[in-house]
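Worksheet: the structure to be examined is printed underneath.
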Protein chains: 2
Amino acid sequence: MESQDLKKAGLKATLPRLKILDILEHSRQRHLSAEDVYKALLEGGEDVGLATVYRVLTQFEAAGLVRRHHFDEGHSVFELELGEHHDHILCVKCGRVDEFYDETIEDRQQAIASKAGYSMTDHSLYIYGICPACQKRA
Amino acid sequence: MESQDLKKAGLKATLPRLKILDILEHSRQRHLSAEDVYKALLEGGEDVGLATVYRVLTQFEAAGLVRRHHFDEGHSVFELELGEHHDHILCVKCGRVDEFYDETIEDRQQAIASKAGYSMTDHSLYIYGICPACQKRA
DNA sequence: CATGCGAATGCGAATACTTCTCATTATCCT
DNA sequence: AGGATAATGAGAAGTATTCGCATTCGCATG
Ligand SMILES: [Mn+2]
Ligand SMILES: [Mn+2]
Ligand SMILES: [Zn+2]
Ligand SMILES: [Zn+2]
């Protein structure tokens with residue numbers, strides 16, 4: 001029971017929040033838009049408003065349960081925060097998303113921020129390209 | 001006269017396009033939103049519609065005259081394409097934008113894309129942090 | 001386990017940004 | 001200069017997201 005996870009994050013264990021957490025955990029795709037989550041709720045027969053989905057996802061983000069990304073698509077996508085930071089590589093043809101982590105890049109970013117006198121708080125790195133499957137299909 | 005630049009890009013040299021190009025070239029800030037450009041036009045006494053600003057900026061982007069960025073602010077910002085690729089570091093307090101270029105990061109990105117079997121077409125890297133001035137102000 | 005208060009929800013309206021439609025106007029080739 | 005055609009301005013429409021508010025729910029308490 002993950003009511004505890006929510007309580008720990010200072011959030012009441014309400015039905016919408018539990019259901020949304022469940023969808024984020026068990027969906028086939030790790031990266032979901034608010035609309036995706038909303039559709040999944042409806043398919044599951046749940047009666048949750050879209051505004052609530054947005055509210056809850058934003059709260060989850062603030063609580064560190066979820067991470068929000070901007071994949072150059074005009075809408076936010078969310079994924080469960082599992083502690084291990086990573087960046088993304090996306091196919092511009094089919095929308096496939098892969099993840100990677102590169103120590104060298106992480107280090108260089110810090111160095112660049114320092115050199116510019118900034119105290120770095122975050123970063124976002126997206127690589128866009130054509131995935132193997134879409135290259136064959138061409 | 002940069003009518004030639006537009007013609008070369010396959011675009012008619014209309015007044016709105018010339019004015020917008022002028023604003024992009026001579027504004028104190030290199031990174032402008034559509035709204036910024038629109039305001040600058042109005043201040044210059046020009047009668048150009050906001051829809052035209054959006055249309056023209058999109059055409060400029062397609063023609064390679066301008067580059068569009070998504071600075072996690074919910075709207076697009078544009079800057080003149082001057083040939084030299086660079087990435088951005090942004091202050092989360094005051095919105096200041098600095099630019100940088102790092103060969104090591106560029107190389108690593110290529111390597112990561114290749115290893116994942118992608119043919120890389122583009123990338124976007126934003127570093128977020130607190131700028132020197134805002135750190136002192138804290 | 002019933003009760004009550006504040007927090008959370010669902011709904012529709014509102015907002016922010018961007019694109020579309022279409023009648024009017026401007027550009028540029030001859 | 002004249003006409004075919006592309007571009008523009010104004011406002012409506014479209015997305016994604018947030019807000020306002022009456023109603024409902026979670027949960028500490030008795
Ligand atoms: Mn991810
Ligand atoms: Mn720049
Ligand atoms: Zn693909
Ligand atoms: Zn600053």
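All heavy atoms count here, side chains included; hydrogens, waters and symmetry mates do not. Below, read A as the first sequence line, B as the second, and so on, with proteins coming before strands; counting in each chain starts at 1.
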Identify every side-chain donor-acceptor pair in residues 51-60 of chain A under 3.5 Å, counting partners at least two apart or on other chains, and give the distances.
residue, atom, partner, partner atom, Å
A:Thr52, OG1, A:Arg55, NH2, 3.1
A:Thr58, OG1, A:Tyr54, O, 2.9
A:Thr58, OG1, A:Arg68, NH2, 3.3
A:Gln59, OE1, A:Arg17, NH1, 2.9

Rounded to the Å, how far apart are [X] [atom1] and [N] [atom2]?
X       : N      : atom1 : atom2 : answer
A:Tyr38 : D:dT18 : OH    : P     : 16 Å
A:Leu6  : C:dT9  : CG    : P     : 10 Å
A:Leu18 : D:dC25 : CG    : P     : 15 Å
A:His69 : D:dA16 : NE2   : P     : 19 Å
B:Asp72 : C:dC17 : CG    : P     : 14 Å
A:Leu57 : D:dT18 : CG    : C1'   : 14 Å
A:His70 : D:dT17 : NE2   : P     : 9 Å
B:Glu46 : D:dA10 : CD    : P     : 13 Å

Requested in this report: Would you work out how much the helix from C:dC1-D:dG30 to C:dT30-D:dA1 bends between its ends, with each end axis defined by five base pairs, to 10 degrees?
Outcome: 30°
Taking [Y] as the starting point, is it possible to reach [X] by hopping between hydrophobic residues whose side chains are less than 4.5 Å apart?
X        : Y        : result
A:Val66  : A:Tyr38  : yes
B:Phe100 : A:Ile127 : yes
B:Phe71  : B:Leu125 : no

Query raised in the report: Of all heavy-atom pairs between B:Ala9 and B:Leu65, which one has the smallest distance, and what is that distance?
Result: CB-CD1, 4.3 Å
Report summary line: Between A:Ile23 and A:Ala40 the two heavy atoms that sit nearest each other are CD1-CB, 3.8 Å
Report task. Please list residues of residues 21-29 of chain A whose heavy atoms come under 4.0 Å from any atom in DNA chain C, ordered by number; otherwise none. Result -> none
Report summary line: With sequence neighbours left out, the residues meeting side-chain hydrogen bond (donor to acceptor under 3.5 Å, both in side chains) with A:His69 are A:Glu79
Requested in this report: Look at the rings of B:Tyr126 and B:His88 and say which category their plane angle falls in: under 30° parallel, 30 to 60° tilted, over 60° perpendicular.
Outcome: tilted
Requested in this report: Could you identify which residues cluster with B:Tyr101, counting Ile, Leu, Val, Met, Phe, Trp and Tyr as linked when any side-chain heavy atoms lie under 4.5 Å apart, either directly or through a chain of such contacts?
Outcome: none
Could I get a table of every N or O pair under 3.5 Å where one atom is in the protein and the other is in nucleotides 14-16 of chain C?
none

Requested in this report: For A:Thr121 and B:Tyr128, indicate whether the former's side chain and the latter's backbone hold a donor-acceptor pair under 3.5 Å.
Outcome: yes
Query - B:Asp36 side chain to B:Ser33 backbone, donor-acceptor under 3.5 Å - result: yes
Report task. Kindly write out the residues that satisfy ring-ring contact (aromatic ring centres under 6.0 Å, His included) with A:His75, not counting sequence neighbours, or none if the list is empty. Result -> none
From [X] atom [atom1] to [Y] atom [atom2], the distance as rounded to the nearest 0.5 Å:
X        : Y        : atom1 : atom2 : answer
B:Arg108 : A:Asp102 : CZ    : CG    : 4.0 Å
B:Ile20  : B:Leu32  : CD1   : CG    : 11.0 Å
B:His123 : A:Ile89  : NE2   : CD1   : 12.0 Å

Report summary line: Protein-proximity profile, nucleotides 18-24 of chain C, B/S/- by nucleotide at the 4.0 Å heavy-atom cutoff, equals BBBB---
Query raised in the report: Which pairs with one or both residues in residues 126-138 of chain A pass salt bridge (charged side-chain N to carboxylate O under 4.0 Å, His left out), sequence neighbours excluded?
Result: none
Report summary line: salt bridge (charged side-chain N to carboxylate O under 4.0 Å, His left out) pairs touching residues 113-131 of chain A, sequence neighbours excluded, are A:Arg67-A:Asp122
Query raised in the report: Is there side-chain contact between B:Ser119 and A:Gln135, with at least one heavy-atom pair below 4.5 Å?
Result: yes
Contacts under 3.5 Å, N or O only, protein and nucleotides 26-30 of chain D:
residue, atom, partner, partner atom, Å
D:dC27, OP1, A:Ala13, N, 3.1

Contact list (N/O, under 3.5 angstrom) for nucleotides 12-14 of chain D vs protein:
none

